[in-house]
**Student:** 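Take a look at the following structure, please.
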Amino acid sequence: MEQEAEIDRLPIDLLAHIFLMITSFTDLAQASGVCRKWKQGVKQALARRQTLSFAGFKMDDDSTARLVRHAYSLKELDIENPWIFSSFGIVSQLASIDAFHDSSRSRWGCQITDNGLCQISLAKCVSNLTSISLWGITGITDKGVVQLITRANSLQHLNVGGTFITDESLSAIADSCPRLKSIVLWSCRQVTETGLFVLVSKCRKLESINVWGTRVPLDCFIGLLTIRPALQIKPQGLPLNVMLPVV
């Protein structure tokens, strides 16, 4: 009679604890295909995860949404495009920010699209998410962002830098995220002062906003400080310490 392997004697809870330490989604997928018991262990490991980061992984809409749906305890979701980070130091070498956007859209665009965000929005964990990063995901628009954000009512930190969102997304964020503390709008060149005023006016707990690379005039930032004087507007060093005009 063939003797059972030592690892096969491990209870599913212990297997799940082991799989929880695996960061490679490829390895998890392979482990899930070993046997029914390991597959259950992988599912339990995903259900216990409080953070998920897809940075550096080539993920598509379906595989990303599938993993998020199994992560019932998820608090922090990171679907950023890490190329943006490595490019930050060489942005000044590009002809313009527009050239940067064009190159990132055509050559390094992430495979996550609005369809993926819509699928993710249906996951049970979305209402409990406190942090979402969509940094540099050039394949998404207001359609997907609005669908996701309107269900993320516990959100405190949001990074949509390097995307092509407009005031439509800012309005949805303002209406759906009353606990928002920080937002990154790095190089979101299609947002306007109108959207920023709505955001700052409605998100009463907002502490920090990153507006580097936007097309918003300086007067807008001064106006935002009249609404919320303690607001940290980044990058630091913007000449905002001017006397406001007396009306």
Side-chain angles (χ1 to χ4, degrees), residues 46-55 59 61 64-65 67-82 84-85 110 112-188 190-191 194-212 214 224 227-228 230-234:
L46 287 172
R48 296 178 187 180
R49 280 185 180 266
Q50 294 193 350
T51 63
L52 268 182
S53 176
F54 300 106
M59 305 290 292
D61 290 336
T64 303
L67 286 169
V68 174
R69 282 198 298 269
H70 287 297
Y72 302 116
S73 303
L74 197 62
K75 298 291 185 181
E76 300 177 4
L77 177 60
D78 179 357
I79 321 178
E80 68 191 24
N81 185 345
I84 295 293
F85 285 109
C110 182
I112 304 300
T113 68
D114 287 337
N115 180 53
L117 294 188
C118 290
Q119 290 185 56
I120 291 171
S121 71
L122 301 177
K124 293 181 179 180
C125 64
V126 169
S127 61
N128 295 320
L129 289 177
T130 59
S131 176
I132 297 176
S133 177
L134 304 174
W135 176 263
I137 305 300
T138 56
I140 60 175
T141 67
D142 288 323
K143 178 182 177 181
V145 173
V146 169
Q147 180 72 17
L148 177 62
I149 292 302
T150 52
R151 296 174 182 268
N153 307 119
S154 299
L155 200 61
Q156 297 180 24
H157 307 284
L158 176 63
N159 189 340
V160 285
T163 66
F164 297 93
I165 66 165
T166 71
D167 289 348
E168 182 180 351
S169 288
L170 294 189
S171 179
I173 295 167
D175 291 335
S176 306
C177 306
R179 304 177 186 178
L180 191 68
K181 294 181 179 180
S182 69
I183 184 169
V184 175
L185 299 171
W186 184 92
S187 197
C188 291
Q190 298 186 52
V191 303
T194 300
L196 290 177
F197 274 113
V198 171
L199 179 72
V200 174
S201 297
K202 292 188 176 182
C203 294
R204 299 177 182 272
K205 295 187 177 182
L206 190 63
E207 300 172 355
S208 172
I209 182 170
N210 189 321
V211 291
W212 190 94
T214 62
L224 295 179
I227 299 174
R228 188 148 289 105
L231 181 66
Q232 296 181 15
I233 300 179
K234 301 178 179 180

**Student:** Starting at CD1 of I209, measure out to CD of Q232 and round the result to the nearest 0.5 Å.
**Tutor:** 12.0 Å
**Student:** About how many Å separate CG of L199 and CG of L206, when rounded to the nearest 0.5 Å?
**Tutor:**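 Rounded to the nearest 0.5 Å, the CG-CG separation comes to 5.5 Å.
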**Student:** Rounded to the nearest 0.5 Å, how far does CG of L129 lie from CG of L158?
**Tutor:** 11.0 Å
**Student:** What pairs with S127 under side chain to side chain contact (heavy atoms under 4.5 Å, CB included), at least two apart in sequence or on another chain?
**Tutor:**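 For S127 there are no side chain to side chain contact (heavy atoms under 4.5 Å, CB included) partners, ignoring immediate neighbours.
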**Student:** Taking only residues two or more places apart in sequence or in another chain, which ones pass side chain to side chain contact (heavy atoms under 4.5 Å, CB included) with D61?
**Tutor:** I112, T113, N115, Q119
**Student:** Suppose we screen for side-chain hydrogen bond (donor to acceptor under 3.5 Å, both in side chains). Which residues come up paired with Q156, at least two apart in sequence or across chains?
**Tutor:** none
**Student:** If you take all heavy atoms of T214 and V211, which pair is closest and at what distance?
**Tutor:**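 Nearest heavy atoms, T214 then V211: OG1-O, 2.9 Å.
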**Student:** Rounded to the nearest 0.5 Å, how far apart are CG of L77 and CG of N128?
**Tutor:** 13.0 Å
**Student:** If the condition is side-chain hydrogen bond (donor to acceptor under 3.5 Å, both in side chains), which residues does S133 pass it with, not counting sequence neighbours?
**Tutor:** E80
**Student:** If you look at every heavy atom in I149 and C177, which pair is closest and at what distance?
**Tutor:** CG2-SG, 3.6 Å
**Student:** Among residues at least two apart in sequence or on other chains, which ones pass side chain to side chain contact (heavy atoms under 4.5 Å, CB included) with K205?
**Tutor:** none
**Student:** With S73, which residues qualify under side chain to side chain contact (heavy atoms under 4.5 Å, CB included), at least two apart?
**Tutor:**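 Side chain to side chain contact (heavy atoms under 4.5 Å, CB included) check on S73 returns nothing, list empty.
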**Student:** Name the orientation class of the two ring planes belonging to W186 and W212 (parallel below 30°, tilted from 30 to 60°, perpendicular beyond 60°).
**Tutor:**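 Parallel, since the angle between the ring planes stays under 30°.
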**Student:** Could you tell me which residues satisfy side-chain hydrogen bond (donor to acceptor under 3.5 Å, both in side chains) with H70, sequence neighbours excluded, listed by chain and number?
**Tutor:** none
**Student:** What residues, two or more places apart in sequence or in another chain, satisfy side-chain hydrogen bond (donor to acceptor under 3.5 Å, both in side chains) together with T141?
**Tutor:**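 Partners of T141 by the side-chain hydrogen bond (donor to acceptor under 3.5 Å, both in side chains) criterion, ordered by chain and then number, come out as D114.
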**Student:** Working to the nearest 0.5 angstrom, can you tell me the gap between N210 CG and I183 CD1?
**Tutor:**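 With rounding to 0.5 Å, CG (N210) is 10.0 Å from CD1 (I183).
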**Student:** Can you tell me which residue pairs pass the salt bridge (Lys or Arg N to Asp or Glu O under 4.0 Å) test with a partner in residues 127-156, sequence neighbours excluded?
**Tutor:** none
**Student:** Report yes if some heavy atom in the side chain of W135 is under 4.5 Å from a heavy atom in the side chain of V160; otherwise report no.
**Tutor:** no
**Student:** Please report the interatomic distance CG(L74) to CZ(R49), rounded to the nearest 0.5 Å.
**Tutor:** 9.5 Å
**Student:** If you look only at pairs with a residue in residues 154-183, which of them pass as a salt bridge (Lys or Arg N to Asp or Glu O under 4.0 Å), with sequence neighbours excluded?
**Tutor:** D175-K202
**Student:** Taking the side chain as everything from C-beta on, heavy atoms only, tell me whether D78 gets closer than 4.5 Å to T51.
**Tutor:** no
